[in-house]
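Here is the structure we will look at, set down as structure tokens.
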Amino acid sequence: MSELAPEVAQIRDLLTTGQRFLLSSHARPDGDSLGSQLALGEALDQLGKEVRIVNADPAPDLYRFLPNVSRIEVSTSLELTEADGIVVLECGTLARTGVEGLAPYTVVNIDHHAGNTMFGAINWHDASACACAELVCELIDALGAELTPSMATHLYVAILTDTGSFRHANITERTFEICRRIAATGVEPAAIAAQVYNNGSLGRLRLTGMLLDRMELEDDHRIAVLTLRDEMLHASGCADDDLEGIVNLPLAVRDVRAVVFLKHTTDGIRVSLRSKDTIDVRAVAVEYGGGGHRNAAGLTLTDTTAEARAALLGQVGAAVANADGAPPSD
Ligand code: 5GP
Ligand code: MN
């Protein structure tokens, strides 16, 4: 086995010498945050540690099939007297957890988002990982824990969803090596994919239809804009949870280079951005205090006026033009 990076060895040492740990991840958890936490939690269980997993928001329905998902506690403020370490997974900043009260503890930061602020006492940041779960798999090995079928399921869901079903950048030999080991535990990738992709509600399909029906195309069809209206949720009987993944659909169109998904909330407009190739939507999100990856990022637009919306679309257009050159003038 190749030698561990110093930060990985430090994390291993902290986790093996301490006894009580808390794991957290980002608010509105996704497949990678949940899978990474649950797999690491089980590895620490194997070592006889006391483990709590605390997130600001519950797991979306889509991920309710994950083994042991019910062990995740939902709280935005931590009541904790003692912990030997807090492992924060999948977060570019500590604030992304949405959980108050973590800072006084020994925080371990394990993440793959570009722009991570290195907020931990120990920081393991690897933006070349396709999912945080790739790092967690390496940590499981470093801890000497066994990769069980349930952990394999956690890691597979994380990788499958964070790579957009093996389509995004950062898919490497390492990704497939982990997937090989996952399959070797006996879990069936096709069965997991069916849980994630073929198990939605009829309402979700109807909602998808409504959103696509009212999709706007800007910039010579290079930018697709999806706007969620409350009446769509009512008419389809869907909850916010059901939205996961819909933002990616317009990318199927050859001419579409970026997608903007807008959702009005009490805090402002939640915006999800997606892009193709070298178009950097993360840079746009960062301008608004958000973040993410080059091709998948998010932000909250506090100014909900039409002007602010137009300015955001202008920024996305500039990111597209920056990568692709100006649109054809005819
Ligand atoms: P989504 O559009 O699926 O909510 O998020 C896409 C990516 O951007 C994910 O990696 C997510 O963690 C990140 N992201 C979404 N919203 C925010 C935000 O408000 N702040 C930061 N830092 N990252 C975000
Ligand atoms: Mn991730």
Side-chain angles (χ1 to χ4, degrees), residues 24-40 55-57 60 62-63 88-98 109-119 124-137 154-171 175 178 196 211 224-226 228 240-251 258-263 265 267-275 279-302 312 316 319:
S24 188
S25 185
H26 56 78
R28 293 175 288 107
D30 62 12
D32 191 22
S33 53
L34 295 166
S36 294
Q37 288 182 293
L38 289 167
L40 181 58
N55 285 339
D57 296 302
L62 166 66
Y63 296 117
V88 177
L89 297 148
E90 254 288 273
C91 291
T93 62
L94 190 57
R96 278 282 285 149
T97 60
N109 163 20
I110 303 177
D111 183 37
H112 72 132
H113 289 89
N116 184 291
T117 58
M118 305 302 247
F119 55 84
W124 180 15
H125 175 240
D126 181 354
S128 76
C130 76
C132 190
E134 276 195 1
L135 309 180
V136 168
C137 190
H154 299 141
L155 296 178
Y156 194 72
V157 166
I159 292 173
L160 180 69
T161 57
D162 238 38
T163 60
S165 319
F166 297 96
R167 282 177 294 178
H168 296 166
N170 284 352
I171 299 163
T175 315
I178 294 170
V196 174
L211 281 161
V225 184
L226 298 174
L228 178 75
D240 277 10
D241 276 12
D242 293 308
L243 297 167
E244 175 114 357
I246 295 176
V247 59
N248 297 309
L249 295 178
L251 294 176
V259 186
V260 179
F261 187 112
L262 304 162
K263 183 177 89 180
T265 70
D267 300 332
I269 304 176
R270 269 296 309 162
V271 181
S272 282
L273 301 174
R274 296 293 185 271
S275 66
I279 298 164
D280 187 1
V281 287
R282 177 182 167 270
V284 177
V286 166
E287 289 287 316
Y288 290 88
H293 304 285
R294 185 183 66 191
N295 297 129
L299 62 111
T300 300
L301 204 55
T302 45
L312 173 71
V316 175

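For clarity, every value in this text was computed on a predicted model and none was experimentally measured. All ligand and atom numbering here is 1-based and tracks the order in the structure.
Applying the ring-ring contact (aromatic ring centres under 6.0 Å, His included) criterion to His26, with sequence neighbours excluded, gives no partner residue.
Expressed to the nearest 0.5 Å, how far OH of Tyr63 lies from NE2 of His154 amounts to 13.0 Å. In this structure, Leu273 CG and His293 NE2 are separated by 13.0 Å, a value rounded to the nearest 0.5 Å. For the atom pair Trp124 CH2 and Asn109 CG, the distance stands at 11.5 Å (nearest 0.5 Å).
Checking side-chain atoms of Arg282 against main-chain N and O of Asn295 turns up no donor-acceptor pair under 3.5 Å.
Near ligand 1, heavy-atom contacts under 4.0 Å come from Arg28, Arg96, His113, Arg270, Ser272, Arg274, Gly290, Gly291, Gly292, His293, Ala296, Ala297, Gly298, Leu299.
A salt bridge links Asp240 to Lys263: at least one charged side-chain nitrogen sits closer than 4.0 Å to a carboxylate oxygen.
Rounding to the nearest 10°, we obtain 100° for the angle at the Mn ion (ligand 2) between Asp32 OD2 and His112 NE2.
Counting only N and O atoms by type, the side chains of His112 and Asn170 include no donor and acceptor under 3.5 Å apart.
When you scan the N, O or S atoms of Glu90 for the one nearest the Mn ion (ligand 2), you land on OE2. Nearest N, O or S atom of Asp162 to the Mn ion (ligand 2): atom OD2.
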